[in-house]
Amino acid sequence: MALRKPIFEDQPWKGSEKWTGENAVDGRYDDRSAHGGQCVISENEAQKATWGVDLWGVVSISHIKIYYRTGNSMKRVIIS
């Protein structure tokens, strides 16, 4: 549903284009290390970071999968 949709982030990491919010909607999540090019990383020492995706309309969502940066271990959290 969110694949390749436009994103918004208010605290992007400055100085590295490979940690931008587009990584969260590119469909890739097999290398979740910091240097795998598949993680969104917020600015260092940010107190709060907001990230969102434009789904292009009103949609019904039953659950959201969040894959955290884990140094490439395969942990997953599902929020229902």
Side-chain angles (χ1 to χ4, degrees):
M1 179 179 300
L3 189 63
R4 295 183 188 86
K5 297 288 194 312
I7 62 94
F8 164 80
E9 60 183 317
D10 69 346
Q11 297 287 336
W13 183 273
K14 292 176 181 50
S16 180
E17 293 181 10
K18 68 180 178 178
W19 292 334
T20 63
E22 286 81 6
N23 289 343
V25 294
D26 68 1
R28 299 171 54 217
Y29 56 89
D30 59 325
D31 184 351
R32 292 180 285 135
S33 64
H35 297 288
Q38 300 175 11
C39 290
V40 178
I41 300 178
S42 298
E43 180 58 44
N44 200 20
E45 299 182 26
Q47 295 292 315
K48 177 176 136 182
T50 301
W51 178 88
V53 61
D54 183 352
L55 299 176
W56 298 345
V58 177
V59 296
S60 176
I61 299 173
S62 62
H63 66 276
I64 298 171
K65 292 182 183 179
I66 298 174
Y67 295 89
Y68 290 97
R69 185 182 76 168
T70 61
N72 210 29
S73 67
M74 295 306 289
K75 296 178 183 174
R76 178 177 79 181
V77 173
I78 299 176
I79 300 173
S80 296

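- A donor-acceptor pair shorter than 3.5 Å can be found between the side chains of Gln38 and Asp30.
- Nearest heavy-atom pair across Ala2 and Val53 is CB-CG2, 4.1 Å.
- For Ala49 against Ser42, the heavy-atom pair with the smallest separation is CB-OG, 3.3 Å.
- A chain of hydrophobic side-chain contacts below 4.5 Å, direct or via other Ile, Leu, Val, Met, Phe, Trp or Tyr residues, connects Val25 to Tyr68.
- Residues meeting the side-chain contact (heavy atoms from CB on, under 4.5 Å) test with Glu9, sequence neighbours left out: Ile7, Pro12, Thr20, Val40, Trp51.
- What you find for Trp56 and Pro6 is that their closest heavy atoms are NE1-CD, 3.2 Å.
- When hydrophobic clusters are built by joining Ile, Leu, Val, Met, Phe, Trp and Tyr residues whose side-chain heavy atoms come closer than 4.5 Å, directly or via intermediates, Ile41 is not grouped with Phe8.
- Shortest non-hydrogen contact noted between Arg69 and Arg32 is CG-O, 3.0 Å.
- In this structure, Asn23 contributes its side chain and Lys18 its backbone to a donor-acceptor pair below 3.5 Å.
- The hydrophobic clustering, which links ILVMFWY residues whose side-chain heavy atoms are closer than 4.5 Å, places Ile61 and Leu3 apart.
- Taking each heavy atom of Asp54 and Lys5 in turn, the nearest pair found is O-CB, 3.2 Å.
- Aromatic ring pairs are classed by plane angle as parallel below 30°, tilted from 30° to 60° and perpendicular above 60°; the pair His35 and Trp19 is tilted.
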